[in-house]
Amino acid sequence: HTSWTVSTITFKGGPFMKENTDETNILYTTTSGELTKGSSIDLRSRLTGVFNSGMVGALILIREPDAGLHSLWQPTSDVSIGDFRRWAANTYKCTDAASAHTGTEPPTHTIGEMWDGASNAEARKWLYLHSGYGTVRVTGYTDSQHVTVTCEDYIPGDLNGTSSSGGTYKWARGCWADDNGYPSCVTFHEDRLVWSGAPDNAQRINASVTSDYENHAPRSLQGVVADDSALSFVLNSNDVQKVTWMVSDERGLAVGTVKASWIVRSSNLNEALTPTNVNAKPIRNVGCPSGLAIRADKAVMFAQGEAQRKVREFLYSVEEDSFRVNDMTKLADHVSFGGIVDMAYQEELTPIVWAARADGTLLGLTYAREDNVVAWHRHELGGDGAVESVATIPAPDGVGEDLWMVVKRTIGGTTKRYVEYLTKPWEQDDDPLRATHFDCSLEYDGTPVTSVSGLDHLESGTVPVIVDGGSHQKQALSSGAIT
């Protein structure tokens, strides 16, 4: 697949920051009438400094200022077309009448219109409006007390007001926008898309509605917090714990912060994570400020601290019935001298955690826990090659995975960067003529020749040569060719 696009995600339903409780911080609009979905209105604040230009695109949740604004629906009662009634947490508007009074079945729907009686001849038709709250999206900025918004839902209550009366203080702004930043880490967990690490909400974790990854609505269409509703919670700690990595694990969501390692799961291990059973616990005060963490088999490997000298293994221990954070460099602390800058896990054919060191050295950690095999090894690249980034992808022939690297080299006095890859080791049944382990090499396969060109990427002195599977004397490069 070679066709890729990058587009901005438009989240719906949230997530939102803590709801405002300052009764003087009131939002209102001078727009009269019903605020229906799609309406564009001027939203104003009674206080200064509430809005800024970086809020354009942000969501704002607006809650009904007075739940008792409309009368409760009653059976067989007189209601006129255009009247409002509420039932449970929902508010409805009467749009049609087939009799002189309401029916006997209260409206409970949350989409469209329905009659309130078994027989339309003895009923009223009700249009669902809202469940006590609605959201707007900021589309324009005028000043710190004035923005333009578009209604994402029907906005409840009466927001019409002035600088001295009307409006509501029951509102909350969205977690993410240009002014307060966006999440820095993301992962999937239990069919939710989970985000965290936003600058102004560094310890807050937000998870989408189940199977609806761009939807962060905290309540269902019925206005209740359901098991599949979006999650939003904060890691409670005595100090700042900015989330830097998250990895889904069968026993919960593994979370790393700048100072500690956490596990987030349901209160009952046999249940999925829901808004009402979140249980977040710190495992050990070992942090990862860089966010450099990868999944390796059943473990998470991450680089510890600012120096990134230690590689830690976050792994569940059956014996202890808890997670452990083991130091994988304890017996080889020299191997990571200078710090680790990138890591990738190769599962096949041999399980190896590959790492790029700050000085460009390529490191490998053979990692086969079931066989009690954990061993480090260094790989020095030919020439002055320095590895800056690593990744693994399936091999083209479907046999195992290949290690791909961004390698910095000095060619002809100029710094260049190449994408190089390491294929699987040579095995007994492989063609010995292709048992080549040169770095940044090319292969010619054809009729005998006395010179080979197209080697401009190796223009840096002499290069080794293998001919028909046998070693040949080194050749000097000239204009990207050898003779």
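When atom types are taken as modelled, the side chain of D116 and the backbone of R124 share a donor-acceptor pair closer than 3.5 angstrom. Here the side chain of S80 pairs no donor or acceptor atom with the backbone of D83 at under 3.5 angstrom. A donor-acceptor pair under 3.5 Å is absent between the side-chain atoms of N236 and the main chain of K281, judged by distance alone. Side chain of T148 to main chain of D42: no donor-acceptor pair is present (N/O by atom type, distance under 3.5 Å, no hydrogens or angles). With hydrogens and angles ignored, the 3.5 Å screen pairs no side-chain donor or acceptor of N201 with any backbone N or O of R204. Although no hydrogens or angles enter the test, the distance criterion places no donor-acceptor pair under 3.5 Å between the side chain of Q308 and the main chain of S290. Using modelled atom types, no side-chain atom of N25 and backbone atom of D22 make a donor-acceptor pair closer than 3.5 Å. Under the 3.5 Å distance criterion, the side-chain polar atoms of R86 are matched with a main-chain donor or acceptor of H70. Between the side chain of T150 and the backbone N or O of G38 there is no donor-acceptor pair closer than 3.5 Å. Side chain of R63 to main chain of T168: no donor-acceptor pair is present (N/O by atom type, distance under 3.5 Å, no hydrogens or angles).
At a cut-off of 3.5 Å, with distance as the only test, no side-chain donor of D297 or Y345 sits close to an acceptor on the other residue. Judged purely by distance below 3.5 Å, without hydrogens or angles, the side chains of N215 and D212 pair a donor atom with an acceptor atom. S229 and D227 share no side-chain donor-acceptor pair at under 3.5 Å. Side-chain atoms of N279 and S267 include no donor-acceptor pair closer than 3.5 Å. No side-chain donor from either of S144 and Y141 sits under 3.5 Å from a side-chain acceptor of the other. At a cut-off of 3.5 Å, with distance as the only test, no side-chain donor of E320 or S322 sits close to an acceptor on the other residue. For the residue pair T5/S7, the side-chain donor-acceptor check at 3.5 Å is not satisfied. Using modelled atom types and a 3.5 Å distance limit, the side chains of E271 and S266 yield no donor-acceptor pair. Residues S389 and D342 have side chains that bring a donor and an acceptor to within less than 3.5 angstrom of each other. Counting only N and O atoms by type, the side chains of E214 and T10 include no donor and acceptor under 3.5 Å apart. A side-chain donor from one of R312 and Q304 sits under 3.5 Å from a side-chain acceptor of the other.
The salt bridge (charged side-chain N to carboxylate O under 4.0 Å, His left out) test applied to K259 returns D239, not counting sequence neighbours.
Ion pairing of E388 with R417 is present here, as a side-chain N (NZ or NE/NH1/NH2) and a carboxylate O approach within less than 4.0 Å. Using a 4.0 Å cut-off between charged side-chain N and carboxylate O, R369 and E313 make a salt bridge. In this structure, D179 pairs ionically with R173, as a charged nitrogen and a carboxylate oxygen lie closer than 4.0 Å. The pair D249-R295 counts as a salt bridge, with a side-chain nitrogen and a carboxylate oxygen less than 4.0 angstrom apart.
By the 30° and 60° cut-offs, the orientation of the rings of W404 relative to Y421 is parallel. In this pair, H130 and Y154 present their aromatic rings parallel. The plane angle is below 30°, not in the 30 to 60° band. Below 30°, between 30° and 60°, or above 60°: for F323 and F314 the angle between ring planes is below 30°, a parallel geometry. Using cut-offs of 30° and 60° for the angle between ring planes, the Y92 and H109 rings count as tilted.
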Given ring pair (Phe, Tyr, Trp, His ring centres under 6.0 Å), test W195 with F11 step by step and report yes or no.
-> CA-CA 12 Å; W195 304 83; F11 294 101; 5.5 Å; yes
Quick one: do R409 and E420 satisfy salt bridge (Lys or Arg N to Asp or Glu O under 4.0 Å)? Show the steps, please.
-> CA-CA 11 Å; R409 296 181 180 276; E420 303 179 19; 2.8 Å; yes
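Side chains of T162 and T30 form no contact here, defined as non-hydrogen atoms less than 4.5 Å apart. In this structure, the side chains of D402 and P396 come closer than 4.5 Å at one or more pairs of heavy atoms. Side-chain contact between I41 and L35 is present, with heavy atoms from C-beta onward closer than 4.5 Å. Looking at L235 and V264, their side chains come closer than 4.5 Å, going by heavy atoms from C-beta outward.
Between the OG1 atom of T21 and the CH2 atom of W171 there is a distance of 10.5 Å, given to the nearest 0.5 Å. Between the OG atom in S336 and the CZ atom in R357 there is a gap of 8.0 Å [rounded to 0.5 Å].
Nearest heavy atoms, N90 versus T108: ND2-O, 4.1 Å. Listed here is the closest heavy atom pair of W176 and A58: O-CB, 4.2 Å.
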